Amino acid sequence: MDAPVSTGRAIGLGEKSVRGKLVVGNWKMHGSLAQNDALLADLRAGWGAPSGRKLAVCVPFPYLWQAQAALSGSKIAWGAQNVSEHAGGAFTGEVSATMIAEFGCTYAIVGHSERRTLYGESDKAVGAKAVLAMDAGLTPVVCVGETLVDRDLGSTEAVVLRQLEAVLAQLGERVAKAVLAYEPVWAIGTGRNATPEQAQEVHGLLRRRLDAAGADVALLYGGSVKASNAQGLFEMPDIDGGLIGGASLKADEFLAIATA
Ligand code: 13P
């Protein structure tokens, strides 16, 4: 593998020489009104918003109003974990991007591997979701990642590029306003994170493809990120932050990751 070379990118800082970090919590299907109240209050109280650092939580749909109420006026953004691939209509149980945007959301995760695997979301559907999220004024956090089988077959590059191409085809140059998260499926919820070098190798690949598209996109790593391994990952030149599952449910741990 090539030695990591810094591309000197910045996220939302307006200065290429300064590196910003974005850390997004994905609560998945966890929480209750009482638990969320405590977690959101602890995050709000504990987040000092250090320069160049951004923090967000992506919560289950029924709690969007609660995140909005708890975090409005703070330096913590919030968002959803999915959006419908349809703009509206007779789609029982679906939630549209415009509905989500009404709750003051900044972000919407699209194409998480759990949705691709468990709910059969296709690359094309993920692209459509990214477009609708952006149309609604949300920043899509587009997830890509290979399974262990893919990795063992040596298909990691082909899989993540295929997933990215489907989004590029639909977003076009608007991809520059998206966030991309690399989440190797074998590292999600398993306690087995990619090493910083393994993650950087894929991030470098994604960066080169996005550079070719003329898009300066924040690239997050996700998969068993904890306070104890965040720094090593975030030091890599093309890792601009993290998408955090389990560890985002504990305020102290999540805040420690966000300042790593
Ligand atoms: P864990 O951090 O629990 O491994 O989950 C990662 C993830 O899927 C975030 O979207």
Side-chain angles (χ1 to χ4, degrees), residues 12 20-84 93-115 118-119 129 133 136-141 143 179 181 183 188-191 218 220-230 234 241-260:
K21 295 286 183 230
L22 167 65
V23 169
V24 179
N26 173 10
W27 287 6
K28 307 195 180 185
M29 198 168 74
H30 294 289
S32 68
L33 291 175
Q35 283 168 10
N36 306 342
D37 262 343
L39 177 54
L40 292 166
D42 286 349
L43 291 177
R44 188 175 177 136
W47 181 237
S51 162
R53 301 276 170 159
K54 289 190 196 170
L55 188 65
V57 289
C58 288
V59 307
F61 293 135
Y63 301 139
L64 286 174
W65 68 270
Q66 193 183 16
Q68 181 178 31
L71 299 176
S72 285
S74 79
K75 294 254 169 87
I76 305 174
W78 60 95
Q81 299 168 14
N82 183 27
V83 304
S84 175
E94 288 290 281
V95 178
S96 74
T98 53
M99 293 171 185
I100 292 162
E102 286 194 301
F103 291 88
C105 294
T106 300
Y107 298 100
I109 297 171
V110 300
H112 191 280
S113 65
E114 286 152 18
R115 301 224 45 98
L118 302 172
Y119 301 98
K129 287 171 183 237
L138 303 166
T139 298
V141 179
C143 301
V179 170
E183 297 205 311
I188 294 177
T190 59
L220 310 185
Y221 168 80
S224 297
V225 179
K226 307 180 271 283
S228 57
N229 61 21
F234 294 176
L243 183 55
I244 319 300
S248 72
L249 299 171
K250 294 172 231 145
D252 288 353
E253 182 84 6
F254 189 47
L255 291 169
I257 291 168
T259 49

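Basis for what follows: all heavy atoms, side chains included, without hydrogens, waters or symmetry-related copies. Everything quoted here is computed from the prediction, not taken from an experiment.
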Measure the spacing between [atom1] of [X] and [atom2] of [Y] and express it to the nearest 0.5 Å.
X      : Y      : atom1 : atom2 : answer
Trp27  : Ile244 : CH2   : CD1   : 14.5 Å
Leu55  : Trp47  : CG    : CH2   : 5.0 Å
Gln81  : Cys143 : CD    : SG    : 10.5 Å
His112 : Lys28  : NE2   : NZ    : 4.0 Å
Ile257 : Phe234 : CD1   : CZ    : 6.5 Å
Asp37  : Asp42  : CG    : CG    : 10.5 Å

Residue pair Leu33, Tyr63: steps toward the side chain to side chain contact (heavy atoms under 4.5 Å, CB included) verdict: CA-CA 8 Å; Leu33 291 175; Tyr63 301 139; 3.9 Å; yes
Check: [Y] main-chain N/O paired with [X] side-chain donor or acceptor under 3.5 Å:
X      : Y      : result
Arg53  : Val23  : no
Asn229 : Lys226 : yes
Trp78  : Ala70  : no
Tyr221 : Gly223 : yes

Min side-chain heavy-atom separation Ser248-Val57 under 4.5 Å: no
Using a 4.5 Å cut-off on heavy atoms from C-beta on, say whether the side chain of Ile188 contacts that of Glu114. yes
Got more than 12 heavy atoms from elsewhere within 6.0 Å of CG, Asp252? no
Check the pair Asn82, Lys129 against side chain to side chain contact (heavy atoms under 4.5 Å, CB included), reporting the backbone distance first and the verdict last. CA-CA 8 Å; Asn82 183 27; Lys129 287 171 183 237; 2.8 Å; yes
Can you give me the closest heavy-atom contact between [X] and [Y], atom names plus distance?
X      : Y      : result
Ala227 : Ala256 : CB-CB, 3.8 Å
Leu40  : Ala67  : CD1-CA, 3.9 Å
Ala133 : Pro140 : CB-CB, 4.2 Å
Ala97  : Leu138 : O-CD1, 3.7 Å
Leu39  : Ala251 : CD1-N, 3.7 Å
Phe254 : Leu43  : CD2-CD2, 3.7 Å

Criterion side chain to side chain contact (heavy atoms under 4.5 Å, CB included) against Leu243, the qualifying member of Val24, Leu22, Val179: Val24
Output, in order, the C-alpha distance, side-chain angles, deciding distance and verdict of side chain to side chain contact (heavy atoms under 4.5 Å, CB included) for Cys105 and Leu64. CA-CA 8 Å; Cys105 294; Leu64 286 174; 3.6 Å; yes
Evaluate the side chain to side chain contact (heavy atoms under 4.5 Å, CB included) criterion for residues Val141 and Cys58: first the C-alpha distance (whole Å), next the side-chain angles of each, then the deciding distance (0.1 Å), finally the verdict. CA-CA 10 Å; Val141 179; Cys58 288; 5.6 Å; no
